[in-house]
Student: 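Following this message is one structure expressed as structure tokens.
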Protein chains: 2
Amino acid sequence: MRQITIYDIAKEAKVSVATVSRVLNGTAPVKASTRAKIEALIQKYQFQPNAMARSLLSKETGIIGVIVPDLTNPFFPEVFAGAEQEAQESGHTFLLCNTMGSYAKESEYLNIMQEKRVDGIVFIGGRINLKDCEPELVQEVVEHANKIPLVLVNGNLKNTELTRVVTDEYTGTLLAMRHLIELGHTQIGFIGGESHMTTTSIKLRAFRKALRDEGIPVREEWILPDSFSVDSGRQMMQKLLDMKEQPTAVCCVNDFTAIGAIKTAVENGLKVPDDISIVGFDDIPLAHHVIPELTTVSQQANELGRMAIKVLRQMMNKGKTKKLTALEPQLVVRQSTARL
Amino acid sequence: MRQITIYDIAKEAKVSVATVSRVLNGTAPVKASTRAKIEALIQKYQFQPNAMARSLLSKETGIIGVIVPDLTNPFFPEVFAGAEQEAQESGHTFLLCNTMGSYAKESEYLNIMQEKRVDGIVFIGGRINLKDCEPELVQEVVEHANKIPLVLVNGNLKNTELTRVVTDEYTGTLLAMRHLIELGHTQIGFIGGESHMTTTSIKLRAFRKALRDEGIPVREEWILPDSFSVDSGRQMMQKLLDMKEQPTAVCCVNDFTAIGAIKTAVENGLKVPDDISIVGFDDIPLAHHVIPELTTVSQQANELGRMAIKVLRQMMNKGKTKKLTALEPQLVVRQSTARL
DNA sequence: TTGAAAGCGCTAACAC
DNA sequence: GTGTTAGCGCTTTCAA
């Protein structure tokens, strides 16, 4: 069924398309009677102007592209929700692309966004978290950023000047570690994350720093990166528990691994937090519904999303934009940590 | 910075735009030397053809609009992921719209999708779950469906012939209830959901039916709809526990409420499943990471998403489409239920 | 207050 | 093999 156009309306109203366009956009005065006639027709046919034809002229699509690594991790929907709230204001809507960690897909989606002429791009996860990203992958992003406003969320690309919005994960981890240390823990392990990713290495740096500050020796064998999943948390915790000497507290790379770690600890007959303290990172919604409720570091995911859009909007309006916006993470003490 | 066009390429290559278009689309043979020249230019400028101009002709945008009520409930990202996987094949990408339960937003997004001429619409949640949806809201959806292929996921709109993909929630609940009854439970409560929504009433119908089939009287005071959140599960469970007589098992409207119910039960000193059995519905990823692991009914969220796209694709290709596709839910027995 | 016409970037006849 | 040209549906001068 053919969609009706401004011509159909114009014809039936016996006016020119220009006039119809005028009542559609309120861009110039139209005699009340003609306006009424046209509006009636619009109503009658439920006419909606073709946004593409419009965008072709205006060079604006009203679409923001979002690249996320895995929507199944609740952290990302939170960020997205924040972005959506903020975008209400400017009437933007979202092309959401899930890469499932594939760099090839990131490229593919980047190209699609470029073709569709999205007004801006939010890039989270994937290659921008690599400690050592291949130059071509970096270059690709830079080239897109030259054409379309683009903001990196919680990531970075070396030797580039890309605009970024991040939570200060270093400080966040410090917060978590100091909390543990204040509770009397000195035997602390680290679980999860992938060592080739910056999130992980930043957190590990803070982990070591916190220990060193207190003159506590770092036990390398208790540092067990692996991945970001619940299962990873379970496996690494099991590894820890199979050792002769075990830590009394564990700092996890995110809430998923923390939930896994708790589960395995409990299965091994330990009580959390009495026998072992566990902290997560992110503060996903379920963190305070889990048993025991998770002590964690809030990334303010929602705020992160909002901020990304705010920054993007500045860029779209050609306003000057800070290259780096950092949000302060917050320690959220709940039930999974206790005094030694 | 002006985006470059097919004209720029044509000019510099000293050929017509038609030729450039031909190499872009491989739609007709082009002499190897000219082709090479053009391709070099495309490479040089990283030229990407404007998809809108293209769509204006082709009447296809390659975009599928998805309306979801709340991306923060992990069930929906799962559905979305399934849809995305399936859409790979046809190269579709997604305009994702989160309504946060607002019918006004649904209308708004529906209009935006219409304006943007998306190739198809997937509608989940919101008004399509209402037992009694206002005629205007129904009509609106029907009108959009007349112009754009549209599929309803896990919902329905009375007196319409809209295409639907659903999981059989009635059978699913029957499965859960029979499981409880086989374990010897006869004192069973129901928690969560909103009574004006079909999901809830379908499940309640099955709940009653299962009891009746076994000649077990229904205790109306143990039926506590409220909402779909974890907190709702907590509150309703507390209500149940505050009663003089308490059920030995609880059937929850979804996994969120089940997780809440477990939490409150545990806080009240009960052991799950020893003192009280609890079943959820949905089988969100966290269901088997929670302690105790949740016995629940799998909706096959991923498959649901895939199926929605498959059906949508049929509609887009004007193939004949079944009006109703039902997926069979599956009982997943884990640790939150036990013999009485 | 209204209309004619050019043009946004691309594709697809139709010629040559 | 390649170029010319007419749209796709809309906005926006410029005239009237």
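Below, each value reflects all heavy atoms present in this structure, side chains not excepted, and no hydrogens, waters or symmetry copies.
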Student: Test for a donor-acceptor pair under 3.5 Å between the base of dG9(D) and the side chain of Arg117(B), counting only N and O atoms.
Tutor: no
Student: Counting side-chain heavy atoms from C-beta on, which of dG3(C), dG9(C), dG3(D) comes nearest to Thr19(B)?
Tutor: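 Closest nucleotide among those given: dG3(D).
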Student: Can you tell whether the side chains of Glu60(B) and Arg54(B) come within less than 4.0 Å, N to carboxylate O?
Tutor: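 Salt bridge between Glu60(B) and Arg54(B), a charged N being under 4.0 Å from a carboxylate O: no.
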Student: Between dA4(C), dG3(D), dT11(C), which nucleotide has the shortest distance from any of its atoms to the side chain of Ser16(A)?
Tutor: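 Shortest atom-to-atom distance from the side chain points to dA4(C).
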Student: In whole angstrom, give the distance that lies between atom NZ of Lys116(A) and atom P of dC10(C).
Tutor: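 Lys116(A) atom NZ is separated from dC10(C) atom P by 14 Å.
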Student: Please determine, for the side chain of Arg22(B), which listed nucleotide (dT11(D), dG3(D), dC10(C)) has the closest atom?
Tutor: dG3(D)
Student: What is the distance, to the nearest angstrom, from the CZ atom on Arg54(A) to the P atom on dC8(D)?
Tutor: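 Whole-Å distance recorded here is 19 Å.
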Student: Between Glu12(B) and Lys44(B), is there a side-chain N and carboxylate O pair less than 4.0 Å apart?
Tutor: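 Salt bridge present between Glu12(B) and Lys44(B).
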Student: What is the distance, to the nearest angstrom, from the CG atom on Leu56(A) to the C1' atom on dA6(C)?
Tutor: 13 Å
Student: How many whole angstroms separate atom NZ of Lys37(B) from atom C1' of dG1(D)?
Tutor: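 Going from NZ in Lys37(B) over to C1' in dG1(D) covers 13 Å.
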Student: Would you kindly give the CG-to-C1' distance between Asn25(A) and dT12(D), to the nearest whole Å?
Tutor: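 That distance rounds to 10 Å.
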Student: Base, sugar-phosphate alone, or nothing: which one does Thr34(B) contact when heavy atoms must sit under 4.0 Å apart?
Tutor: sugar-phosphate
Student: Which residue, Tyr7(A) or Pro29(A), contacts DNA chain C at a nucleotide closer to its 5' end, judged by nearest heavy atom?
Tutor: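 Nearest-nucleotide comparison on DNA chain C picks Pro29(A).
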Student: Measuring from the side chain of Lys59(B) (C-beta onward, heavy atoms only), which nucleotide among dG9(D), dT11(C), dA12(C) has the closest atom?
Tutor: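 For the Lys59(B) side chain, the nearest candidate turns out to be dG9(D).
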Student: Flag the pair Glu134(B) and Arg127(B) as a salt bridge only when some basic side-chain nitrogen lies within less than 4.0 angstrom of an acidic carboxylate oxygen.
Tutor: no
Student: Examine dT11(D): is either OP1 or OP2 under 4.0 Å from a nitrogen or oxygen in the side chain of Ser21(A)? Give yes or no.
Tutor: yes
Student: If you go through the side-chain atoms of Arg35(B), does one of them form a donor-acceptor pair with the base of dG1(D) closer than 3.5 Å?
Tutor: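 For Arg35(B), whose side chain was compared with the base of dG1(D), there is no donor-acceptor pair (under 3.5 Å).
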Student: Please report, rounded to the nearest Å, how far the P atom of dT11(C) is from the CD1 atom of Ile9(B).
Tutor: 13 Å
Student: Base, sugar-phosphate, or nothing: which does Val20(A) touch, judged by heavy atoms less than 4.0 Å apart?
Tutor: nothing
Student: Just compare dG9(D), dT4(D), dG9(C) and give me whichever is closest to any side-chain atom of Thr5(B).
Tutor: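 Of dG9(D), dT4(D), dG9(C), dG9(C) is nearest to the side chain of Thr5(B).
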Student: Got a second to check how far Arg117(B)'s CZ is from Met52(A)'s CE, nearest 0.5 Å?
Tutor: 7.0 Å
Student: For Ile6(B) and dT11(C), give me the distance from atom CD1 to atom C1', rounded to whole Å.
Tutor: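 After rounding, the reported distance stands at 8 Å.
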Student: Please state how far atom CG in Leu57(A) lies from atom P in dC10(D), giving the value in whole angstrom units.
Tutor: 11 Å
Student: Side chains of Gln3(B) and Gln114(A): any donor to acceptor distance under 3.5 Å?
Tutor: yes
